[in-house]
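Written below as structure tokens is the structure these notes are about.
First listed ligand is number 1; within each ligand, the first listed atom is number 1. Worth knowing before you read on, the calculation uses all heavy atoms, side chains too, and leaves out hydrogens, waters and symmetry mates.
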Amino acid sequence: MARFDGKVVLISGGARGQGAVEARMLVAEGARVVLGDVLEAEGERLAAELGPNARFFRQDVTVEDDWARLVSAAEAMGGLHGLVNNAGIYVPRPLMETDAELFERHTRVNQLGCFLGMKAAAPAMERSGGGSIVNISSTAGLRGSPGAIAYSATKWALRGMTKSAAVDLAPRGIRVNSVHPGPIDTAMIHIRSDAEIAERLAQVPMRRMGTAEEVARLVLFLLSDESAYMTGAELAIDGGASL
Ligand SMILES: NC(=O)c1ccc[n+]([C@@H]2O[C@H](COP(=O)([O-])OP(=O)(O)OC[C@H]3O[C@@H](n4cnc5c(N)ncnc54)[C@H](O)[C@@H]3O)[C@@H](O)[C@H]2O)c1
């Protein structure tokens with residue numbers, strides 16, 4: 001029996017990057033996945049590739065009704081056992097170049113989106129006999145992040161929200177943990193120039209980017225019963241970048 005047989009997992013921002021790799025691995029291990037994203041073409045393509053065990057919906061994580069739609073779809077597929085709050089934006093600017101609009105945009109997608117996701121998922125998870133929520137933060141939520149104050153603020157917030165939600169949701173049989181990736185080779189990091197990425201990697205003890213597969217393996221561990229006694233934990237996966 002595969003690790004995720006009979007389980008349904010919802011992934012926000014699941015059309016590409018780390019979320020898409022998690023979806024592929026989950027389906028390969030027996031799960032059904034519900035994917036949300038603002039990128040419709042990519043999301044539809046991925047769902048078609050994954051077959052009947054995957055459904056894609058256009059979802060903006062800042063919209064409460066979109067969350068309700070995805071949670072209903074999950075329950076129609078057999079319940080809701082896992083949620084990966086993975087959607088995020090990264091528009092790096094230093095403090096003096098960050099205006100209120102940019103700051104609030106990060107807060108809405110990265111932070112409010114995660115809050116709405118946990119709130120929407122919890123009752124369905126409880127009805128399904130419990131579940132696991134994984135919030136994708138960053139090393140930017142563990143230390144000061146150069147030139148990305150708005151992003152960093154939201155990733156620190158996710159770390160605290162994870163611990164508060166872990167306390168609130170433990171009586172409902174729901175675990176909540178945060179994952180803190182360092183530089184990972186997806187589209188998001190390539191908003192930086194090659195020179196900026198090289199400069200960043202010089203600060204990483206392992207001197208390389210991580211892959212989406214490496215992060216996905218950790219996320220699947222946290223979604224699975226292998227981590228049954230873990231909640232409120234923060235796990236760095238960063239080649240030592242946060243040391
Ligand atoms: N790549 C890295 O170096 C890195 C490092 C640390 C943390 N992270 C985090 O990992 C997560 C996944 O990022 P990724 O590396 O796969 O990059 P990515 O840009 O490929 O994935 C992010 C996804 O979120 C989606 N998204 C953005 N706004 C949305 C919204 N309002 N509603 C729904 N979906 C939305 C995007 O369309 C995209 O598909 C993010 O939370 C990111 O902050 C990434």
Problem set entry | side chain to side chain contact (heavy atoms under 4.5 Å, CB included) partner of Gln18, the single match among Val84, Val219, Asn86 |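 With Gln18 as partner, Val84, Val219, Asn86 yield a single side chain to side chain contact (heavy atoms under 4.5 Å, CB included), made by Asn86.
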
Problem set entry | Option among Leu35, Ile133, Leu80, Asn85 that satisfies the side chain to side chain contact (heavy atoms under 4.5 Å, CB included) test with Leu10 | Leu80

Exercise. Between Phe115 and Leu158, is any pair of side-chain heavy atoms under 4.5 Å apart?
Worked result: no

Do the charged groups of [X] and [Y] touch, with an N to O distance under 4.0 Å?
X      : Y      : answer
Arg16  : Glu42  : no
Glu29  : Lys7   : no
Glu101 : Arg105 : yes

Problem set entry | Set of residues that line ligand 1, where lining means a heavy atom lies under 4.0 Å from it |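 Ligand 1 pocket, heavy atoms under 4.0 Å: Gly13, Arg16, Gly17, Gln18, Asp37, Val38, Leu39, Gln59, Asp60, Val61, Asn86, Ala87, Gly88, Ile89, Val109, Ile136, Ser137, Ser138, Tyr151, Lys155, Pro181, Gly182, Pro183, Ile184, Thr186, Met188, Ile189.
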
